[in-house]
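Inspection log for the structure reproduced underneath, given as structure tokens.
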Number of protein chains: 2
Amino acid sequence: MEREWTIQEAADEIGITPHTLRYYEKAGLLVPVSRNVGGHRRYSQREIDFLLFLTRLRSMGMPIQQVKKYAELARQGKDTTHERGQLLFNYRKEVCSRISELERNLKILDYKIGLYRQGWSATDGDDPCIRELRQLCTLMKNQEESIETEKDSEFTRR
Amino acid sequence: MEREWTIQEAADEIGITPHTLRYYEKAGLLVPVSRNVGGHRRYSQREIDFLLFLTRLRSMGMPIQQVKKYAELARQGKDTTHERGQLLFNYRKEVCSRISELERNLKILDYKIGLYRQGWSATDGDDPCIRELRQLCTLMKNQEESIETEKDSEFTRR
DNA sequence: TACAGAGTTAGAGCGCGCTCTAAGTCAAGG
DNA sequence: CCTTGACTTAGAGCGCGCTCTAACTCTGTA
């Protein structure tokens, strides 16, 4: 076996464009990939798998720089296992709080949609529950501001 | 009463900067706000409330253009009630699918974190469950691609 | 009245993450 | 061998959402 993929094949497999794949390489998300005699890139299963995971991180919203950090650690091998775990664990917390922020904001959206379903419009006068909505919005805003993620808290190798 | 807010006060209330507030006005998210004799902006409670809601939309990730669309409809008054409801309802669906995408990706993250907790590293050889992870990643990728939101489906004024 | 500090404008700049271009090289079927 | 299409590079461009600058004006307290 030892199958190899061209850049187009790899891109299709991963769900990005060849452009982006080269960009990721230049940006340091991957170590320069091997080439055939003519200088064309050839991707191994291992690289595809790694990229599949990196694109999951990206699609969760992890910034390129942080993905790069993770990739560099992974390249450095075993010594960085714990640090990588910590990095992913911290990011997990971020994702969780983003999810709950979305869910909190969704409540406001649902409240408004509810009003619209009843045919309400601002020109009827104030939103009947404007005070509640105002409170809700201000609350959300403040909760966002107060999210000071206490870092490195609970990830430990057991 | 009829309290008015300066741009700085309004910005503090809403949780953005005066710069951004002016930018929103220029971008058409608000109709040009009233001025005092010297030409300084003065915000009313009504405008603050409206902005509080718009910033909720923004922090859910709604693009400026779409927020603008909503704001324009709101300005046009009662006739657009249903359309505004529809707009918010469609966006609600988007937010929901983003949340579930995040949750699906979180599973992959948790899986990896689990491996790291056990002290695993890529240099030990392949991820012990690489086939599963690969499958999982590919699956996520495909689910993302196949989200073709059937628009305008279920919002109806009852 | 003076003066610090807050406000005004048009427009430039920036960080992010791609995305595309141009000009050239390689691969492979007929 | 020729041709077509995929690949290569360095670097420019872009869309988004702010964010800042410069040069100026207004406000309000001492």
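Just so it is clear, the structure is predicted and the values come from calculations on it, not from any experiment. When reading the values below, keep in mind they use all heavy atoms of this one structure, side chains included, and skip hydrogens, waters and symmetry mates. Chain A is the first sequence line, chain B the second, and so forth, proteins listed ahead of strands; every chain is numbered from 1.
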Next on the checklist: So if I take every side-chain heavy atom of B/Gln8 and compare against D/dT8, C/dG7, C/dT8, which nucleotide ends up nearest?
Outcome noted: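 The nucleotide sitting nearest to the side chain is C/dG7.
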
Find the distance [X]:[atom1] to [N]:[atom2] and express it as a whole number of Å.
| X | N | atom1 | atom2 | result |
| --- | --- | --- | --- | --- |
| B/Arg22 | C/dA6 | CZ | P | 12 Å |
| B/Met62 | D/dG17 | CE | P | 12 Å |
| B/Glu4 | C/dG7 | CD | C1' | 15 Å |
| A/Asp12 | D/dA6 | CG | C1' | 13 Å |
| B/Tyr43 | C/dG7 | OH | C1' | 11 Å |
| A/Leu21 | D/dT8 | CG | P | 9 Å |

Next on the checklist: Both B/Gln65 and A/Glu9 contact DNA chain D. Which one's nearest nucleotide lies toward the 5' end?
Outcome noted: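 The residue whose closest nucleotide sits nearer the 5' end is A/Glu9.
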
Item to check | Salt-bridge present (A/Arg42, A/Glu9; N to O < 4.0 Å) | outcome: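 Here A/Arg42 does not pair with A/Glu9 in a salt bridge, since their nearest N and O are not under 4.0 Å apart.
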
Checklist entry - Any side-chain heavy atom of B/His40 within less than 4.5 Å of one from B/Thr6? => result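 Result no, sub-4.5 Å side-chain heavy-atom pair not found.
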
Item to check | Validation row: A/Trp5, A/Gln45 side chains within 4.5 angstrom (heavy atoms) | outcome: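 The answer is yes, as the side chains (C-beta and beyond) meet within the 4.5 Å cut-off.
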
Checklist entry - Do B/Tyr111 and B/Tyr116 have ring centres separated by under 6.0 Å? => result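 Here the rings of B/Tyr116 and B/Tyr111 have centres that are no less than 6.0 Å from each other.
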
Item to check | Check: B/Phe50 ring centre within less than 6.0 Å of B/Tyr43 ring centre | outcome: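 B/Phe50 vs B/Tyr43: aromatic centres not under 6.0 Å.
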
Next on the checklist: Mind checking if A/Pro18 touches a base, just sugar-phosphate, or nothing, with heavy atoms under 4.0 Å?
Outcome noted: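 A/Pro18: no heavy atom of the nucleic acid under 4.0 Å.
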
Checklist outcome for this item: Protein heavy-atom contacts under 4.0 Å, written 5' to 3' over nucleotides 18-30 of chain D as B (base), S (sugar-phosphate only) or - (none), form the string BBBB----SS---

Next on the checklist: At less than 4.0 Å, is any side-chain N or O atom of A/Arg41 found next to OP1 or OP2 of D/dT9? Yes or no.
Outcome noted: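 For D/dT9, OP1/OP2 do have a side-chain N/O of A/Arg41 under 4.0 Å.
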
Would you be so kind as to tabulate the donor-acceptor pairs closer than 3.5 Å made by side chains of residues 20-27 of chain B, with sequence neighbours excluded?
from	atom 1	to	atom 2	distance (Å)
B/Thr20	OG1	B/Thr17	OG1	2.9
B/Glu25	OE1	B/Arg41	NE	2.8
B/Glu25	OE2	B/Val33	N	3.4

